[in-house]
Amino acid sequence: MKDINWNDYSLETQAIRAGHKRTHEDEHSIGIFTTSSYVFKNAEDAALRFTGQKAGNIYSRFTNPTVNAFQERLAFMEKGERCLAFASGMAAIMAVGMGLLKAGDHIVCSRGVFGNTVLLFQNYFGKFGVTTDFVDLTDACAWEAAIKPNTRFLFLETPSNPLTEIADIELLANIAHKNNCFLIVDNCFCTPALQRPFELGADIVVHSATKYLDGQGRCVGGAVIGSNDIMEKHIYPYLRTGGATMSPFNAWVFLSGLETLAIRMKAHCDSAFELAKWLEQQPGVTQVHYPGLPSHAQHDLAKRQQSHFGGIVSFELAGGKDHAWRLIDATEMISITANLGDVKTTITHPATTTHGRLSPEVRALAGIKDGLVRISVGLENNNDIKNDLLRGL
Ligand SMILES: *Cc1c(COP(=O)(O)O)cnc(C)c1O
């Protein structure tokens with residue numbers, strides 16, 4: 001195989017070709033390396049690999065050729081230096097915390113992040129003396145005001161789930177760096193096909209590969225991407241020791257998921273935009289949250305920061321929880337599931353599912369109303385999606 005510098009290629013090409021190191025079998029499609037360990041040439045070779053003086057596989061908890069290919073491909077696509085794969089998105093976020101934090105440290109996190117991220121920071125890291133303050137994603141002054149001398153990193157998702165609020169990554173990266181903190185972006189909703197946080201100054205990007213990177217709802221996985229320095233010092237040692245490793249089979253599924261990422265994201269975005277505009281016209285719908293709509297509070301920022309507006313649409317019904325549940329139950333095709341980023345359209349009622357464990361006060365602060373419905377727009381025919389929603393509208 002020729003030695004190609006994939007940095008010279010665009011994302012669509014990297015997604016299809018980067019990362020695969022062809023073996024002596026000349027395979028065109030990458031194989032699944034189902035091996036837990038690797039054989040050394042002799043005792044000295046083993047010793048050199050263990051000390052890191054010589055590159056080479058040792059044990060699949062921390063290196064595996066199929067997983068390496070996924071890591072390398074995603075690193076190119078995000079324009080990051082190094083990527084490490086994990087067993088799930090939450091395992092990836094856990095690794096960032098375990099790698100970077102010590103007792104007494106502090107995190108500033110946006111209020112609207114994934115529910116388990118809130119619980120991980122608050123309940124689990126909290127047990128070990130790490131404190132977290134939650135702030136409004138879009139209020140840069142609140143981020144800055146929340147930073148303390150012991151703040152280690154700022155953590156955010158943009159667009160947020162389910163309200164699709166947008167944070168100014170570049171502005172928050174500047175605030176983080178001025179205060180000697182890292183900015184960590186969960187890039188799950190946009191994927192590198194729509195937004196590349198490193199180009200805007202982020203220090204670490206995390207992914208739930210479970211969502212759009214897979215794209216067909218098959219496997220659970222995650223990834224952390226960052227500079228060689230951060231990954232070598234803080235994340236790789238934790239992966240090797242902590243062991244929340246991605247399986248080779250899952251890496252193989254994600255590799256093929258990445259191959260169609262750009263074209264899928266474009267189709268998701270086009271269909272979501274169409275649906276958002278249509279929802280705005282429907283009686284009983286009081287508000288539609290979609291960054292592509294001029295009515296969205298950060299519409300201009302979304303245009304600047306993202307190459308398209310994403311596949312998630314949420315909307316509020318005047319009839320509150322009763323109407324939301326009726327609408328969800330009246331669908332016949334759309335899947336009632338909290339998962340997202342699938343070719344299948346999914347529908348969920350955040351107030352009683354993904355955000356149901358939050359207290360009513362915290363939920364109100366996060367802007368999750370009882371009449372709110374979230375849709376992850378899939379790749380079925382757009383008219384079929386509209387017709388399915390019309391049954392309950
Ligand atoms: C799903 C999700 C996660 C967690 O990922 P898992 O793969 O389910 O562990 C983290 N962040 C966001 C934004 C998510 O949607």
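Order of listing sets the numbers, starting from 1, for every ligand and every atom in it. In what follows, every heavy atom counts, from backbone to side chain, and hydrogens, waters and symmetry copies are set aside. Remember, it's a predicted structure, so these values are computed and weren't measured experimentally.
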(request) Could you tell me the residue and atom name of the protein heavy atom closest to atom 4 (C) of ligand 1, and the distance to it rounded to 0.1 Å? (result) F114 CE2, 3.4 Å
(request) Identify whether NZ of Lys or CZ of Arg in R49 sits under 6.0 Å from the centre of the six-membered ring of Y38 and within 45° of that ring's axis. (result) no
(message) I'd like to know if E259 pairs up with R73 as an ion pair, taking the criterion as any Lys NZ or Arg NE/NH1/NH2 lying under 4.0 Å from an Asp or Glu carboxylate oxygen.
(response) yes
(message) How far is atom 1 (C) of ligand 1 from the closest protein heavy atom, and which atom is that?
(response) K211 NZ, 1.4 Å
(request) Answer with yes or no after comparing the ring centroid distance for F309 and H296 against a 6.0 Å cut-off, counting only values under it. (result) no
(message) Among I93, T158, T210, which one puts a heavy atom closest to atom 7 (O) of ligand 1?
(response) T210
(message) Please work out, at 4.0 Å between heavy atoms, whether the side chain, the backbone, both, or neither of M90 comes within that distance of ligand 1.
(response) both
(request) Sort out for me which residue in T354, T353, T164, N161 forms a side-chain hydrogen bond (donor to acceptor under 3.5 Å, both in side chains) with R374. (result) N161
(message) Looking at K344, I want to see if its NZ is surrounded by more than 12 non-hydrogen atoms of other residues, nucleotides or ligands under 6.0 Å.
(response) no
(request) Looking only at protein heavy atoms, identify the closest one to atom 6 (P) of ligand 1 and say how far it is in Å. (result) G89 N, 3.4 Å
(message) I need the single residue from F189, F273, Y212 that forms a ring pair (Phe, Tyr, Trp, His ring centres under 6.0 Å) with H268. Which is it?
(response) Y212
(message) Need the ligand 1 atom indices (1-based, order shown) with element for anything under 4.0 Å from a heavy-atom of G221.
(response) 7 (O)
(request) Can you spot which of Q14, H20, K21 makes a side-chain hydrogen bond (donor to acceptor under 3.5 Å, both in side chains) with E72? (result) K21
(request) Write out the residue and atom name of the closest protein heavy atom to atom 12 (C) of ligand 1, then the distance separating them to 0.1 Å. (result) D186 OD2, 3.4 Å
(request) Using non-hydrogen atoms of the residue, decide whether A91 is closer than 4.0 angstrom to ligand 1. (result) no
(request) For atom 8 (O) of ligand 1, find the nearest protein heavy atom and state the residue, atom name and distance (0.1 Å precision). (result) S208 OG, 4.1 Å
